[in-house]
K.L.:
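The structure follows.
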Amino acid sequence: MNAAFTALRQVAISQFLTDRFLGNFGWSREEYHGFDQLGPRLEPESVSGCLTDLVNRVPEDSPVGASIGSSLQMDQFIKTGRLEIDLVAPINGKSVFGNRTYFLSGLSAMERKIPQVAINCLSSLIADNPLCGSAYLLLGQIYYRQGLGKLALSNMNFAFLHPGDFWLDAGRSALDPVDIGEYKGYEVVFYKSEFHAVPKAGEFFFRSVDGHNALYHNCVASRLRRTLLQMLPKRLVSVLRQIIHSTPLRLVILRPVSLSGFLHGKDLMTVITAIEQNQADTRMNPKPVP
Amino acid sequence: MREKTKILMATAVWGDWYINAYLAVNLPSLIAPGNLPELTRGCDLTYRLYTRRSDVSRLMSSPVMQAISRMMPVEVEILSEEKLAHPIAAHQWAWEQAMAAAKDSGRFILFMPPDVAWANGSFAHVADLLAEGKKAIFMTYLRVVSETFVPAFQDRSEGAQGAITMTGTDMVALSLRHMHPLMAAYCHDSLYFPSHAEMILWPVRSEGLLVRVLAREMFLYDPGHIGLTPQLLMDGDCGPREVAFIDDSDKLFAVSLAPLGKDISWHMEYRKATPLTLARWWLVYDSPSNDFVAGTHIRWHTGKPTAKLWRRQERRSDHLIRDAIAAREGVRIWRELNAMECHMAASILALATGMGLLAKAISNPSPATIFVPSDNALRQLSEETINNLAEPQNVRHLITFLRHHVAFETNAGASLYDRLRLENPASLALKTAAGYPLTIERSEKRLTVNGLEILEPERRVGRYMVYKINDVLAPNLAVVA
């Protein structure tokens with residue numbers, strides 16, 4: 001079924017590209033003879049009908065159905081500039097149409113100047129495929145235009161670090177927090193359809209273990225930790241960190257924690273507003289120096 | 001009397017499809033009066049054929065091969081069945097053998113594909129270029145649907161003795177009617193732009209195609225004079241007097257035959273020809289000759305070109321090529337900055353490149369000396385200052401910041417250390433792209449730029465020398481808000 005769909009789709013794409021060229025060149029379809037050897041059953045209208053029939057025969061939520069669906073969505077987007085689906089709520093690893101549709105949804109939202117929807121779609125894609133450079137690139141562009149310089153810098157860097165495109169299968173768990181970038185002393189991540197902001201104060205940090213990204217808390221008292229960091233040479237600190245991470249000491253000192261206690265929101269602007277409010281509150285009501 | 005240029009022409013061909021194309025289209029077009037007959041007048045040609053043993057008889061007994069044999073010696077090399085089990089490797093082997101043989105005997109090498117049709121007069125022009133002293137010639141092909149083009153081409157045969165003679169303009173017109181869909185995918189505004197981004201096309205309404213090529217193997221060259229990169233592209237720089245890219249279908253035109261559906265996997269996904277997309281492909285197919293190749297406006301036209309229409313498309317194409325070159329160099333330098341652990345500078349450069357601002361900052365990426373602030377240096381600035389650089393209202397500051405750290409100069413290829421050591425001046429004077437003077441001085445074993453220490457020896461990156469410094473060179477960064 002997949003092979004038949006691919007073959008028909010190849011014909012449809014070739015016909016679309018050629019028709020578009022002929023239109024731009026000022027020639028009619030009758031002037032072109034490159035398809036003369038294709039039989040009448042492969043006329044463009046007939047191919048389109050065959051594709052529709054094929055799609056209707058495959059359950060939408062099957063793997064083949066999802067693959068076919070996302071290909072057709074992409075072709076539809078290219079031909080008309082529109083996506084025929086509602087923008088689904090981003091759910092880690094549970095998208096019906098897959099990464100490609102999230103990408104096109106994000107692109108479509110960008111072109112329609114709905115940046116928040118674009119951010120949500122692209123963040124969902126990255127949650128599923130953290131190697132999707134194209135998504136980071138678009139996010140970087142959105143953040144730049146919104147004046148979020150720090151996020152723009154980090155996402156553009158990720159775009160260059162991960163030039164692979166959305167059809168690559170990262171193979172990484174979709175249930176891990178995905179780094180979006182830094183903002184005013186906070187690490188912003190996307191996890192289970194929400195944006196979270198964790199202060200980069202040092203006692204909380206993200207760590208990758210066995211391919212899984214998770215948030216950890218350093219249980220050493222913060223004052224003691226700050227004092228040690230100030231007193232000890234950097235190299236010794238680095239050695240100590242290695243010892244902790246590679247021995248059972250890590251089970252005592254480093255504890256995994258939930259993101260639920262931190263600033264979070266369904267959309268990025270909510271979280272950014274919360275960060276700014278937090279900072280404003282701290283300036284107005286500074287904590288007393290012990 | 002000028003000595004004739006010696007050329008070894010080589011073709012690797014086997015199997016029914018390719019031999020049919022070779023005998024029905026390629027050879028008949030080559031024996032047109034303005035092609036090989038003209039080339040053999042000015043050059044000494046030897047033709048070497050690499051083929052399967054069972055195909056030799058059919059090839060050598062064909063009337064058109066016999067016509068070729070009357071023009072030049074023809075040698076046959078048999079490819080073993082073991083080699084032919086891996087066709088791409090077999091082609092590669094044949095090509096390497098021919099190139100080595102040409103180099104050893106002081107000859108040019110011309111690798112002749114068997115599935116190409118040539119417009120009449122193409123090789124007369126090649127002969128002219130060789131007579132001018134060219135050491136390397138580039139050209140490119142339009143791809144056509146073989147199933148429909150071949151019968152139409154053969155129907156238009158006008159020549160005697162099996163020759164097929166067609167002018168460049170007629171062949172362009174015919175080939176557009178049989179143009180392979182892959183060519184349509186290569187149009188500059190295609191949303192199925194091919195993953196193999198070797199060329200970009202701008203249709204000129206009703207008149208033809210303007211073509212820009214990003215990277216190309218040499219069609220004919222002197223292997224004793226020119227080396228190759230691992231991707232078989234020209235290695236090293238040759239001046240314009242020694243290199244030519246044939247840029248007009250009146251001078252040379254050829255079509256490559258391909259069945260419908262060939263290489264379709266290249267253009268089945270959403271992809272646009274953006275500067276960054278082109279840049280990434282371009283770095284894989286890197287060659288010092290690429291900017292020369294990409295700078296050529298190639299006109300394939302069906303009649304007399306309307307100057308205004310073609311100039312307009314050429315200007316549009318210049319913008320994309322300029323931006324793609326800037327993006328390419330941005331990615332190239334970004335990689336090095338990360339290797340130097342200048343991650344903050346790398347992210348600033350990534351932003352400028354990703355937002356298409358680098359072409360505004362660096363309009364002509366010629367050899368340059370680049371000074372990169374270390375991460376420690378950038379951390380001395382407030383986070384707000386760095387972040388403010390990355391906001392759209394401060395784009396001029398970002399561009400100026402970049403320009404303050406680049407000095408274009410023709411002898412940037414030599415390291416500052418060597419120049420100070422060998423020339424022994426007290427100091428070197430440079431000027432940044434922002435017009436700011438830089439003074440390079442030597443103090444014991446250290447080098448400084450405007451008093452700032454240069455932290456590490458230089459790194460050569462393409463046409464640039466990159467130095468890490470412990471501060472920033474932007475005098476007015478504090479005003480960025």
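It should be emphasised that the depicted structure is a prediction, and the values quoted were computed from it without experimental measurement. We name chains A, B, ... by the order of the sequence lines, and we start the count at 1 in each one. Below, all heavy atoms of this structure are taken into account, side chains as well, without hydrogens, waters or symmetry copies.
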K.L.:
Would you mind reporting whether L209(B) and F21(A) have side-chain heavy atoms less than 4.5 Å apart?
P.N.:
yes
K.L.:
Side chains of I386(B) and L153(A): closer than 4.5 Å at any heavy-atom pair?
P.N.:
yes
K.L.:
Could you pull out the closest heavy-atom pair between P181(B) and Y32(A), with the gap in Å?
P.N.:
CD-OH, 4.1 Å
K.L.:
Checking heavy atoms, do the side chain of A173(B), its backbone, both or neither come under 4.5 Å from chain A?
P.N.:
backbone
K.L.:
Does the side chain of R145(A) reach to within under 4.5 Å of the side chain of M355(B), using non-hydrogen atoms?
P.N.:
yes
K.L.:
Got a sec: does the NZ of K79(A) have more than 12 other heavy atoms crowding it under 6.0 Å?
P.N.:
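Buried by this count: over 12 neighbours within 6.0 Å.
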K.L.:
I need the minimum non-hydrogen distance between A350(B) and N157(A), along with the two atoms involved.
P.N.:
CB-OD1, 3.9 Å
K.L.:
Looking at chain A, which one of H180(B), H267(B), H343(B) has the largest number of heavy-atom pairs inside 4.5 Å, strictly under?
P.N.:
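Option with the top pair count is H267(B).
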K.L.:
Decide yes or no for I264(B) and S14(A): does some side-chain heavy atom of the first lie under 4.5 Å from some side-chain heavy atom of the second?
P.N.:
yes
K.L.:
So what's closer than 4.5 Å to chain A heavy atoms on E383(B): side chain, backbone, both or neither?
P.N.:
side chain
K.L.:
Would you check if the side chain of R9(A) reaches a backbone N or O of M268(B) as a donor-acceptor pair within less than 3.5 Å?
P.N.:
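It does hold such a pair.
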K.L.:
Measure the spacing between CG of L17(A) and CE of M183(B) and express it to the nearest 0.5 Å.
P.N.:
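If I round to the nearest 0.5 Å, the distance is 11.5 Å.
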K.L.:
Does NZ or CZ of R205(B) lie under 6.0 Å from the centre of the six-membered ring of W27(A), at an angle within 45° of the ring axis?
P.N.:
no
K.L.:
Check the angle between the aromatic planes of Y192(B) and F16(A) and answer parallel, tilted or perpendicular using the 30° and 60° thresholds.
P.N.:
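Geometry flag for F16(A) against Y192(B): perpendicular rings.
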K.L.:
Give me the atom names and distance for the closest heavy-atom approach of D189(B) to R20(A).
P.N.:
O-NH2, 3.2 Å
K.L.:
My understanding is that only one of L276(B), L349(B), N338(B) makes a side-chain contact (heavy atoms from CB on, under 4.5 Å) with F160(A); could you say which?
P.N.:
L276(B)
K.L.:
Quick one: which of S206(B), S146(B), A184(B) has the most heavy-atom pairs under 4.5 Å with chain A, could you say?
P.N.:
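Most heavy-atom pairs within the cutoff with chain A belong to S206(B).
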K.L.:
Does any backbone or side-chain atom of V144(B) lie under 4.5 Å from a heavy atom of chain A? Answer side chain, backbone, both or neither.
P.N.:
neither
K.L.:
Could you look at I78(A) and say if it's the side chain, the backbone, both or neither that has a heavy atom under 4.5 Å from chain B?
P.N.:
both
K.L.:
On a heavy-atom basis, which atom in A152(A) and which in L351(B) lie closest, and how many Å separate them?
P.N.:
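Taking every non-hydrogen atom into account, CB-CD1, 3.8 Å.
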K.L.:
As an exercise, state the distance from CG of N24(A) to CH2 of W202(B), rounded to the nearest 0.5 Å.
P.N.:
13.5 Å
K.L.:
Just how far is it from atom CE of M74(A) to atom CG of L191(B), taken to the nearest 0.5 Å?
P.N.:
10.5 Å
K.L.:
Kindly give the heavy-atom pair with the smallest separation between F25(A) and P203(B), and that separation in Å.
P.N.:
CD1-CB, 4.1 Å
K.L.:
If every non-hydrogen atom of N387(B) is compared with every non-hydrogen atom of K150(A), which pair is closest and at what distance?
P.N.:
OD1-CD, 3.3 Å
K.L.:
Sort out for me which of D75(A), V11(A), T18(A) touches chain B most, counting heavy-atom pairs under 4.5 Å.
P.N.:
D75(A)
K.L.:
What's the separation between atom CD in E391(B) and atom OH in Y143(A), rounded to the nearest 0.5 Å?
P.N.:
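Between E391(B) CD and Y143(A) OH, I get 15.0 Å after rounding to 0.5 Å.
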K.L.:
Heavy-atom distance under 4.5 Å to chain B: side chain of L22(A), backbone, both or neither?
P.N.:
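It is neither, since no heavy atom gets under 4.5 Å.
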